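Working notes for the structure below.
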Amino acid sequence: MKNDEEILQSLIAGGLIGAALGALVSNNKEEGATLGALAGAVLLATFKANEQAMKSNIAMYVQEGGSLFEIQPGGTKQFVKEIKKNSATLPQHFKLQ
């Protein structure tokens with residue numbers, strides 16, 4: 001349980017740091033702060049999840065470029081297969097109803 005609490009605290013810290021950075025670089029300070037908070041929390045959560053996965057002693061799969069690799073707990077990396085790019089195009093804007 002303590003581990004979950006640490007992750008939650010890190011997410012909060014990452015969100016606050018991201019909000020400050022987002023507000024600095026955005027013309028719309030409110031929108032920039034919101035997007036920055038989300039980005040900061042996502043980056044920190046990804047980092048923490050990766051740390052926990054490395055400690056689990058289970059192989060991980062990562063995508064690099066157009067290839068899928070398996071990374072063993074000892075750090076050895078093995079090519080698995082090529083990944084085809086998705087040819088679907090998404091619209092720039094969505095209308096929520």
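Keep in mind that this is a model prediction, so the values were computed, not measured.
- By the 6.0 Å contact criterion, OH on Tyr61 is open, its count of non-hydrogen atoms from other residues, nucleotides or ligands being 12 or less.
- Applying the salt bridge (Lys or Arg N to Asp or Glu O under 4.0 Å) test to residues at least two apart or on different chains, the pairs with a partner in residues 63-76 are Glu64-Lys77.
- Residue Met60 is not grouped with residue Val80 when hydrophobic side chains (ILVMFWY) are merged at heavy-atom distances under 4.5 angstrom, including chains of intermediate members.
- When all heavy atoms of Gly66 and Glu82 are compared, the closest pair comes out as O-OE1, 3.2 Å.
- In this structure, Val62 shares a hydrophobic cluster with Phe69, Ile71, Phe79, the cluster being traced through Ile, Leu, Val, Met, Phe, Trp and Tyr side chains under 4.5 angstrom apart.
- Here the shortest heavy-atom pairing between Asn57 and Pro73 reads OD1-CB, 3.1 Å.
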